[in-house]
Every structure is written in structure tokens, then in C-alpha cells.
A.B. asks: 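Below: one structure in C-alpha cells.
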Amino acid sequence: MESDILDSHGFLIGEELEGDDFHYVEEDQKNENIGPSSIPYPSSTGSKNNDLIRNSRIGELASNKAGLQGIDKEKVKQIIYEASKNSAFYLNEEKKDEALSIKLKQMMKKYESLKKQNLSTINSKVDNLVQVAERERDLSHIIVHIDMDAFYASIEERDNPSLRNKPMAVGDNSMLTTSNYEARNYGVRSAMPGFIAKKLCPELIIVPCNFDKYRAVSKQIREIFSRYDPDYTPMSLDEAYLDITKYLDTIDESPDNVVEQIRREIHEETKLTASAGIAANKLLAKICSDLNKPNGQYRLQNNVDDIMNFIRPLSVRKIPGIGRVTERILNEMDIKTCGAILDNRVYIHQMFSSSSFNFFIRAALGIGSNIVKTDHKRKSKSISRTFSSLSKPDDLYEKLRELADHLAADLLKERLQGKTIAITFKLVNFKMITRERSVKKYIHTADDIYNIGKQVIFININRIIPLQTFESTLITFINRF
DNA sequence: GCACGAAGGACCC
DNA sequence: CACCAGGGTCCTTCGACT
């Protein structure tokens with residue numbers, strides 16, 4: 001289609017803000033886990049198909065993660081490709097890849113010219129910023145990140161022994177949320193459509209999600225967490241950060257033993273296994289919890305040398321907040337490890353926004369927040385459903401009504417209200433369009449949500465609906481607070 | 001010139 | 001046989017307003 005899909009948004013290329021206006025990350029500011037966003041991506045330089053398999057999200061599904069001893073990765077990629085090609089989803093991925101290629105090329109142009117310049121004056125400024133980051137280093141806490149192993153799948157196996165030792169996944173034909181380790185041997189992973197997983201592993205058993213059950217188990221493990229840190233931070237149903245510094249003061253035990261004990265209690269009380277990472281801050285603990293998965297733990301000592309030796313060779317992709325797009329940008333600059341981030345800090349500084357620079361540098365130094373708190377104010381509440389092709393406005397309004405009712409009920413449960421309603425349209429070609437509207441007064445009733453949503457749809461319907469042929473459309477409501 | 005609402009993305013689980 | 005979720009958070013850029 002037209003190139004109006006290529007939004008004109010810039011990347012994190014930044015010469016805007018000069019280094020001196022750097023401000024510290026405030027104590028309780030944000031999740032330090034959030035990386036740069038809205039960055040472009042790189043991609044193929046040439047031939048379509050194979051490049052796409054290799055470079056895009058599609059190919060990525062097969063590689064990366066562990067657990068593929070049994071099956072040939074190339075074979076997995078091939079099967080996924082065969083199942084995906086020609087689908088609307090895949091075409092959209094291709095289109096995004098192309099857009100990213102273009103942006104990446106522009107970035108590289110800038111990068112090449114940068115390399116020819118004399119950056120010695122910038123150098124000292126950048127080194128200064130690194131010093132500032134270094135001063136934030138705090139090694140006085142013992143932070144633990146606990147992550148349940150294949151959580152949903154393990155619960156289902158626990159409750160239905162006939163599923164054990166067989167490849168199985170939780171989800172449905174359109175999307176899997178978790179797969180057990182047997183299934184991973186076939187290349188079946190979370191966030192993979194069930195029908196594709198079936199092609200990789202015809203014997204795969206898919207069991208539907210049972211969130212009520214997962215929530216109940218989550219409650220159990222959280223109770224255990226609270227014994228060690230009443231202010232633990234839950235990140236999702238199966239994950240949490242704990243600061244066990246205080247707890248350690250009360251007993252004569254090593255951090256390792258305490259975490260063993262936590263995992264033992266989890267196992268005793270839920271019959272499920274967990275993995276954990278122990279380190280000086282959340283960033284490092286999170287990375288560590290993945291190292292000896294499943295049913296294992298890893299301790300990184302609170303010591304600058306150990307931390308630097310640990311982080312330097314680490315692939316940038318291991319940093320939470322660096323995803324596929326950012327990884328490819330960095331790779332294009334020949335930055336593959338955290339050590340390379342530091343080595344190229346001047347270029348990073350010139351190529352990215354100051355906030356991205358700060359994020360990259362701190363990650364590469366192994367510096368992160370060690371603030372662990374329970375309180376959390378939600379910023380939005382949403383509901384979304386994907387449904388097949390609607391052609392008439394009235395059909396949309398009907399969906400709107402259903403979703404508005406649900407959302408209102410959820411808002412009531414938490415006594416929430418908001419001022420902004422956002423509607424996201426998912427077109428048949430997988431392009432997403434969002435239109436939102438803010439109002440003066442706080443609202444929360446189904447009628448208010450419906451009426452505002454209806455206006456938003458009405459205004460945009462002629463511009464959006466005709467764009468697609470038929471098939472699926474989706475509405476999302478977001479009520480911001 | 002600024003604070004802010006709106007739209008689009010990147011990422012995470 | 002067939003055709004890729006749903007819930008959240010944060011960051012950037014743009015432009016109408018004052």
C-alpha cells in the first residue's frame with residue numbers, strides 16, 4: 001500500500017539535548033527496565049524470503065531461546081515460514097521490516113559520517129556522563145528476581161498427570177501463552193500461534209488457559225514472598241522482585257541459602273518449581289534468574305569486578321528493554337555485547353536520545369534500580385478482542401457495547417475512573433490504528449464509555465473501515481487515569 | 001516557547 | 001481445513017493553544 005504507513009516519527013537519533021541537561025533518574029521514577037522505544041529497525045539488504053526468515057520476527061521464533069537440542073533449527077524455521085508465508089500477518093511483518101530497513105539505512109548514514117569526525121571533545125563529556133552513572137552504583141542491597149518455570153504449563157501438568165512428559169502448551173489454536181519443556185524441544189514457544197505449533201509438533205497437546213487457577217497459585221507464591229520481603233514487587237502472575245537485605249540481617253544465612261529456601265517453600269506449597277537470580281539490583285537479578293532455568297538459581301556477587309566481568313560479554317539482547325528492533329540497530333553498529341556498548345559510548349551518545357544513552361550506559365555498567373516496593377498505581381485499564389471481519393458500523397457499535405460493559409464492570413471492581421477513551425482498530429492487514437479522546441470529567445460507566453467510544457468510531461469509520469477488505473477488526477478501550 | 005493531548009512504537013509477560 | 005492474543009508501561013514526535 002501507500003507509504004503513509006511509514007510514520008514520519010524519528011528514531012532515537014538525538015543531537016537535540018546536549019549532555020549537560022542530563023538529569024538523574026529520580027528515586028521512584030520509572031521502571032528502570034524500560035528501554036528505548038520507537039526505534040526503527042534494520043533488515044534485509046537483498047533477497048526477500050530467506051532474509052526474512054533469518055532476520056525477522058518469524059525466523060527469530062525458532063532461534064534464540066534454549067531448548068532446541070532435539071530438533072534442527074533450520075527445519076523449524078522452514079516449517080514456520082511455510083506456515084506463515086502469504087498470510088496477512090506475515091505480509092505485515094514484511095512491510096514493517098522494509099520500513100525499518102529504510103530507517104536503519106538513514107541511521108547508518110549518520111553513523112558513517114560520525115566515524116569520520118573527530119569526536120575528542122565529545123569524548124570527555126561522555127566520559128563524564130559515565131562517571132555520573134558510576135556514582136549511582138549501589139551494592140548495598142541483595143535483590144532477588146524469582147520467576148516460575150513455564151508457569152501456566154506446569155500448573156496444568158501438576159493438575160493433570162496425563163499431560164506430563166508430553167509436549168504440551170497452554171493457549172488455543174490462535175495463540176499459545178506457554179509451552180512446557182518437551183514442547184520447546186520441537187521449537188514450540190510462547191507467543192506462537194497454536195496452528196503453527198501443531199505443524200512443528202503434531203502430537204502437541206494444547207490446553208486452554210485457566211486464569212482463575214493461575215491467579216490462585218500466584219496468590220500462594222506471593223504469600224511466600226511476603227515472608228521474606230513484605231514490600232516485594234510482583235511483575236506478573238509468575239514473577240517478582242524481592243529485596244532480602246533486611247531479612248538477611250535477621251538471620252545468619254547466606255543469600256544463596258535463603259533463596260534456596262524460598263524456592264523450596266514454593267515447591268512444597270505448590271508443587272511447582274521456580275528459578276531465581278540474586279544480585280545487587282533488579283536489572284542484574286532479572287538477567288541472572290534466566291541463567292539456570294529451570295529450577296535453578298544464580299548468584300552474582302555485589303562486587304564491581306564480578307559485575308563487570310559478568311556483563312561485558314553479555315549479548316545486548318539479554319538486557320530487559322532491548323528487544324528485537326533495538327538489538328538489530330545496535331548490531332548494525334557492530335555492537336553485540338554490553339562491553340561493546342561501553343566501547344562505543346561516544347557513538348551511542350551521538351546516535352541516540354539522551355534518555356536512551358542513559359539507559360544503554362547504565363545497563364552496560366550493570367547499574368540499575370534496587371528499589372523494591374509493592375505499591376503500584378495503575379495507569380490504564382483496557383479490554384480488547386479480535387473478531388472476524390465486520391463491514392457495517394452497527395456491527396462495530398455492537399462490539400463496542402459488549403466491551404464497554406465489560407470494561408465498566410472491571411473499573412467498578414477496582415473503583416477506577418478515567419478521562420480518556422482510546423479505541424484501537426486492527427485492520428485485516430494487521431495494521432493498528434488508534435484514536436483517542438479525552439473528556440473533562442472522570443467517567444466510569446458503561447454508557448459513558450460507549451457513547452464516547454461511539455463518537456470516536458463514528459468520526460473515523462469512513463477513513464478506516466473502507467481501507468480494509470474483510471476479515472478481522474478489533475477494538476480496544478483504554479481508560480487512562 | 002511550553003505543557004499537553006494524540007498517535008505510533010517498542011517491549012514485557 | 002484453516003490465517004498470529006490480550007493487558008500494560010514508557011518514550012517520542014507533532015501540532016493546536018495560550
Side-chain angles (χ1 to χ4, degrees), chain A residues 5-14 16-17 29-41 57-58 61 80 83-93 96 99-100 103 147-148 151-152 170-178 190-199 209 211 214 234-239 286 317 319-329 352-356 359 376-389 403 407 410 419-424 426 428-439 456 460 471-472 474 476-478 480:
Chain A
I5 330 153
L6 309 179
D7 61 298
S8 56
H9 286 45
F11 339 135
L12 295 181
I13 303 181
E16 353 78 72
L17 303 177
Q29 227 207 350
K30 300 300 167 195
N31 241 314
E32 88 293 348
N33 273 347
I34 302 304
S37 57
S38 42
I39 334 183
Y41 58 70
R57 188 175 293 165
I58 308 258
L61 292 171
I80 293 175
S84 307
K85 64 172 182 185
N86 302 330
S87 67
F89 174 82
Y90 186 74
L91 289 177
N92 189 244
E93 291 299 302
K96 286 196 288 187
L100 214 166
K103 292 181 173 182
D147 195 353
M148 300 296 290
F151 192 48
Y152 301 170
V170 178
D172 58 35
N173 210 37
S174 73
M175 189 55 66
L176 304 180
T177 63
T178 335
S190 57
M192 175 182 279
F195 68 90
I196 290 181
K198 280 270 177 105
K199 293 192 171 154
C209 281
F211 280 104
Y214 312 149
M235 297 303 288
S236 63
L237 290 183
D238 77 316
E239 230 182 85
K286 164 101 177 160
R317 187 57 188 272
I319 302 296
I322 295 184
R324 153 177 160 273
V325 171
T326 309
E327 178 190 32
R328 285 170 66 178
I329 293 172
F352 297 92
S353 70
S354 70
S355 115
S356 295
F359 165 75
H376 169 70
K377 281 185 215 65
R378 89 156 52 242
K379 306 282 196 306
S380 66
K381 182 84 190 156
S382 70
I383 180 168
S384 72
R385 292 288 172 262
T386 298
F387 35 78
S388 55
S389 166
L403 296 184
L407 183 61
D410 288 346
K419 281 181 177 169
T420 305
I421 295 289
I423 305 238
T424 298
K426 181 178 186 176
V428 285
N429 58 7
F430 282 89
K431 185 171 157 55
M432 309 268 264
I433 296 175
T434 142
R435 291 292 177 269
E436 60 179 71
R437 163 172 298 195
S438 296
V439 294
V456 174
N460 292 284
E471 284 182 39
S472 73
L474 152 153
T476 304
F477 277 113
I478 302 175
R480 295 216 175 73

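Each chain gets a letter, A, B and so on, in the order the sequences are listed, and its residues count up from 1.
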A.B. asks: Find the distance A/M432:CE to C/dC4:C1' and express it as a whole number of Å.
C.D. replies: 12 Å
A.B. asks: Please state whether the phosphate of B/dA6, meaning OP1 or OP2, lies under 4.0 angstrom from any side-chain nitrogen or oxygen of A/S438.
C.D. replies: yes
A.B. asks: Of the options C/dC4, C/dA2, C/dG7, whose atoms approach the side-chain atoms of A/N173 most closely?
C.D. replies: C/dA2
A.B. asks: Taking side chain as C-beta onward, heavy atoms only, is A/E239 less than 4.5 Å from A/K286?
C.D. replies: yes
A.B. asks: Counting the atoms with a prime plus P, OP1 and OP2 as sugar-phosphate, which does A/L237 contact under 4.0 Å by heavy atoms, base, sugar-phosphate, or nothing?
C.D. replies: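 No contact at all - A/L237 keeps every heavy atom at 4.0 Å or more from the nucleic acid.
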A.B. asks: What I want to check is whether an N or O donor and acceptor connect the side chain of A/T177 with the base of B/dC13 at under 3.5 Å.
C.D. replies: no
A.B. asks: Determine: side-chain N/O of A/S174 to OP1/OP2 of C/dC3, distance under 4.0 Å, yes or no.
C.D. replies: no
A.B. asks: Measuring to OP1 and OP2 of C/dG8, would you say a side-chain N or O of A/R378 lies under 4.0 angstrom away?
C.D. replies: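 Affirmative; the distance criterion is met.
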A.B. asks: If you compare every side-chain N and O of A/S380 against the phosphate oxygens of C/dT9 (OP1, OP2), does one of them come in below 4.0 Å?
C.D. replies: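 For C/dT9, OP1 or OP2 has a side-chain N or O of A/S380 closer than 4.0 Å.
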A.B. asks: Taking atom types as modelled and ignoring hydrogens, do the side chains of A/S353 and A/S356 form a donor-acceptor contact shorter than 3.5 angstrom?
C.D. replies: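 Yes, because at least one side-chain N or O of A/S353 sits under 3.5 Å from a partner of the opposite role on A/S356.
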A.B. asks: Taking OH from A/Y214 and P from C/dG7, how many angstroms apart are they, rounded to a whole number?
C.D. replies: 16 Å
A.B. asks: What I want to check is whether the side chains of A/T177 and A/S190 have a donor and an acceptor closer together than 3.5 Å.
C.D. replies: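 A/S190 and A/T177 do not have a side-chain donor-acceptor pair below 3.5 Å.
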A.B. asks: Would you measure the distance from the C1' atom in C/dC14 across to the matching atom in B/dG1 and give it in whole Å?
C.D. replies: 15 Å
A.B. asks: Counting only side-chain nitrogens and oxygens, does A/K426 get under 4.0 Å of the OP1 or OP2 atom of C/dA5?
C.D. replies: yes
A.B. asks: Choosing from C/dA2, C/dG8, C/dC10, which nucleotide comes nearest the side chain of A/K379?
C.D. replies: C/dC10
A.B. asks: Any side-chain N or O of A/H376 under 4.0 Å from OP1/OP2 of C/dG8?
C.D. replies: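 Negative; the distance criterion is not met.
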A.B. asks: Please pick, from B/dG8, C/dG6, C/dT9, the nucleotide with the shortest atom-to-atom distance to any side-chain atom of A/T434.
C.D. replies: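 Output: B/dG8.
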A.B. asks: Report the residues that fulfil ring pair (Phe, Tyr, Trp, His ring centres under 6.0 Å) with A/Y214, sequence neighbours left out, ordered by chain and then residue number.
C.D. replies: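 A/Y214 satisfies ring pair (Phe, Tyr, Trp, His ring centres under 6.0 Å) with A/Y152, A/F211 once adjacent residues are dropped.
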A.B. asks: Take atom C1' in C/dT13 and the same atom in B/dC2, then report the distance between them in whole Å.
C.D. replies: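 Going atom to atom, C1' in each nucleotide, I get 15 Å.
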A.B. asks: In the structure I gave you, are the side-chain heavy atoms of A/M192 and A/I80 within less than 4.5 Å of one another anywhere?
C.D. replies: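 A/M192 vs A/I80: side chains touch.
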A.B. asks: Of the options B/dC12, C/dT12, B/dA10, whose atoms approach the side-chain atoms of A/T326 most closely?
C.D. replies: B/dA10
A.B. asks: Over how many whole Å does the gap from A/E327 atom CD to B/dC11 atom P extend?
C.D. replies: 9 Å
A.B. asks: List in chain and number order the residues that pass ring pair (Phe, Tyr, Trp, His ring centres under 6.0 Å) with A/F151, two or more places apart in sequence or in another chain; answer none if no residue qualifies.
C.D. replies: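 Ring pair (Phe, Tyr, Trp, His ring centres under 6.0 Å) list for A/F151, sorted by chain: empty.
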A.B. asks: Expressed in angstrom and rounded to an integer, what is the separation of A/E93 atom CD from C/dC3 atom C1'?
C.D. replies: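 Taking CD of A/E93 and C1' of C/dC3, I get 14 Å after rounding.
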A.B. asks: Got a second to check how far A/R437's CZ is from A/K419's NZ, nearest 0.5 Å?
C.D. replies: 16.0 Å
A.B. asks: Counting side-chain heavy atoms from C-beta on, which of B/dA7, C/dC4, C/dG7 comes nearest to A/R435?
C.D. replies: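 So the side chain of A/R435 is nearest to B/dA7.
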A.B. asks: Establish, with yes or no, whether the OP1 or OP2 oxygen of B/dC13 is under 4.0 angstrom from a side-chain nitrogen or oxygen of A/K286.
C.D. replies: yes
A.B. asks: Nearest whole Å is fine: how far is B/dC13 P from A/M192 CE?
C.D. replies: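 Checked: the CE to P distance equals 17 Å.
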A.B. asks: Separation of A/Y152 atom OH from C/dG7 atom P, in whole Å?
C.D. replies: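 Those two atoms, OH and P, are 12 Å apart.
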A.B. asks: Indicate whether OP1 or OP2 belonging to B/dA10 is found under 4.0 Å from a side-chain N or O atom of A/R328.
C.D. replies: no
A.B. asks: Does A/D172 reach a base, just sugar-phosphate, or nothing at all? Heavy atoms under 4.0 Å.
C.D. replies: nothing
A.B. asks: Tell me the interatomic distance from A/N86, atom CG, to C/dC1, atom C1', rounded to whole angstroms.
C.D. replies: 16 Å
A.B. asks: Roughly how many Å is it from CG in A/L403 to C1' in C/dG7, rounded to a whole number?
C.D. replies: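 To the nearest whole Å, that distance equals 13 Å.
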A.B. asks: Tell me which nucleotide among B/dC12, C/dC4, B/dA7 gets nearest to the side chain of A/E436.
C.D. replies: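 It is B/dA7.
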A.B. asks: State which of C/dG7, C/dT9, B/dC13 makes the closest approach to the side chain of A/S236.
C.D. replies: B/dC13
A.B. asks: Out of C/dC4, C/dG7, C/dG8, which has the shortest distance to the side chain of A/P193?
C.D. replies: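 The answer is C/dC4.
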A.B. asks: Establish, with yes or no, whether the OP1 or OP2 oxygen of C/dG8 is under 4.0 angstrom from a side-chain nitrogen or oxygen of A/K381.
C.D. replies: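 For C/dG8, OP1/OP2 do have a side-chain N/O of A/K381 under 4.0 Å.
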